[in-house]
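Nothing here was measured: the structure is a model prediction, and the numbers come from that model. Because only heavy atoms are used, hydrogens play no part in the values below, and waters and symmetry mates are left out as well, while side chains stay in. Along the sequence shown, residues carry numbers from 1.
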Amino acid sequence: MKIVTGLLFFLFGLLNCSSLTSLNKDPLYEKKVNFTKRITVFINNQSNITKMEQNTLSDITRDLMSHHKEFIVYKPPLKFSGCSRDFNKIEGIFNVLLKQEQVQNELNLELTGSFLQCPDSKSIWTATVKKSYNLNSSDNESLRSTYIQKYGMGIGNRVNPYFQIVNLLIEYLESPQLTDDEKDEKIEVESV
């Protein structure tokens, strides 16, 4: 009994220290996610960020999901409007909403990810994480350099906070199981 009580206090403490503020998952998520393996990332238009920040956040989210989860992550088509027959390979959308507030050298971020299943755009998973980051951090210098080369100096101090918060969010997202053919498709999509 003491071990169970100790574990409960440990888990409670772990959750209280966590930046996770909400997590909602469809009761049939494990089943539904295996029918939603091919996804795209979409930055919600209600995010209060610039176009350069949107592009950076989209790229970081897509890269992290490709490398740390078993989804086949396609780039969104140019005129992407959500689930549609125009791009029938997409089975789901990872919709990202970012709220940010800069207070001196701190960037306060609240990131909500909603995993929508096509064709009806129903959410099967939603989570929100919240955390503050120091804008003067020198973490992930090579990653910062990559995005500065791609989008300009103005994005430099956003790269590490975006990387950290997206990484935090997707920790709570379970992956589908890919077949061998789907694993080959994932490799092919990631190489483009």
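Cluster annotation: I49 and L97 are assigned to distinct hydrophobic clusters (Ile/Leu/Val/Met/Phe/Trp/Tyr, side-chain heavy-atom contacts under 4.5 Å, transitive). Each of I93 and F35 belongs to its own hydrophobic cluster when Ile, Leu, Val, Met, Phe, Trp and Tyr are linked at side-chain heavy-atom distances under 4.5 angstrom. Note on L64 and W125: same hydrophobic cluster, where clusters join Ile, Leu, Val, Met, Phe, Trp and Tyr whose side-chain heavy atoms are under 4.5 Å apart, directly or indirectly.
In this structure, the separation between CG on L168 and CZ on F163 is 11.5 Å, given to the nearest 0.5 Å. Put simply, CG on N105 and CG on N157 are 9.0 Å apart, with the number rounded to the nearest 0.5 Å. In this structure, K69 NZ and I170 CD1 are separated by 6.0 Å, a value rounded to the nearest 0.5 Å. Rounding to the nearest 0.5 Å places CD1 of I124 at 11.0 Å from OG of S114. Going from atom CD of E174 over to atom CG of N34 covers 11.0 Å, rounded to the nearest 0.5 Å. Between atom OG of residue S137 and atom CZ of residue R144 there is a gap of 8.0 Å, rounded to the nearest 0.5 Å.
Scanning all heavy atoms of the two residues, the minimum distance from T126 to S123 falls at OG1-OG, 2.9 Å. The two residues K75 and R62 have their closest heavy-atom pair at CG-NE, 3.6 Å. Minimum interatomic distance between H68 and N167 (heavy atoms only, all atoms of both residues): CD2-OD1, 4.4 Å. Between L107 and P161, the shortest heavy-atom contact is CD2-CB, 4.0 Å. Taking both residues in full, the closest heavy atoms of S66 and V73 are given as OG-CB, 3.5 Å, listed atom of the first, atom of the second, then distance. In plain terms, the two heavy atoms of S47 and V96 that are nearest each other are OG-O, 3.7 Å.
Salt-bridge check for K25 with E30: passed, with a basic side-chain N closer than 4.0 Å to an acidic carboxylate O. Residues D59 and K150 are paired through a salt bridge, judged by an N-O separation under 4.0 Å between the basic side chain and the carboxylate. Under a 4.0 Å N-O distance rule, the pair E182/R38 qualifies as a salt bridge.
Inspection of the E106 and S132 side chains reveals no N or O donor paired with an N or O acceptor under 3.5 Å. Donor-acceptor pairing under 3.5 Å is recorded for the side chains of Q100 and Y162.
With contacts defined as side-chain heavy-atom distances shorter than 4.5 Å, the pair L173/M65 qualifies. Side-chain contact between I60 and Y147 is present, with at least one heavy-atom pair separated by less than 4.5 Å. Residues N108 and V103 have side chains in contact (heavy-atom distance under 4.5 Å, counting atoms from C-beta outward). Side chains of R158 and T56 form no contact here, defined as non-hydrogen atoms less than 4.5 Å apart. In this structure the side chain of L98 reaches within 4.5 angstrom of the side chain of L109, judged on heavy atoms. With a 4.5 Å cut-off on side-chain heavy atoms, K37 and E91 count as touching. Here the side chains of Q54 and K51 are in contact, with some heavy-atom distance below 4.5 Å. Looking at N140 and V159, their side chains never come closer than 4.5 Å, going by heavy atoms from C-beta outward.
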May I have the step-by-step check of side chain to side chain contact (heavy atoms under 4.5 Å, CB included) for L143 and N160, ending in yes or no?
-> CA-CA 8 Å; L143 184 67; N160 189 53; 5.9 Å; no
Walk me through it: do L169 and F94 pass the test side chain to side chain contact (heavy atoms under 4.5 Å, CB included)?
-> CA-CA 12 Å; L169 178 71; F94 194 73; 3.9 Å; yes
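Of the candidates L116, I43, T112, N95 forms a side chain to side chain contact (heavy atoms under 4.5 Å, CB included) with just one, namely L116. Screening T179, D180, I72 for a side chain to side chain contact (heavy atoms under 4.5 Å, CB included) involving E185 leaves a single residue, I72.
Using modelled atom types, no side-chain atom of Y172 and backbone atom of L20 make a donor-acceptor pair closer than 3.5 Å. Within the 3.5 Å criterion, the main-chain N or O of Y74 finds a donor-acceptor partner in the side chain of T40. Side-chain N or O atoms of K32 include none that pairs as donor or acceptor with a backbone N or O of D26 at under 3.5 Å. Checking side-chain atoms of T21 against main-chain N and O of T128 turns up a donor-acceptor pair under 3.5 Å.
Contacts of F71 classified as ring pair (Phe, Tyr, Trp, His ring centres under 6.0 Å), with partners at least two apart in sequence or in another chain: F115.
Within 6.0 Å of NZ on K186 lie more than 12 heavy atoms contributed by other residues, nucleotides or ligands. Within 6.0 Å of atom NZ in K131, 12 or fewer heavy atoms from other residues, nucleotides or ligands are found, so the atom counts as exposed in its surroundings.
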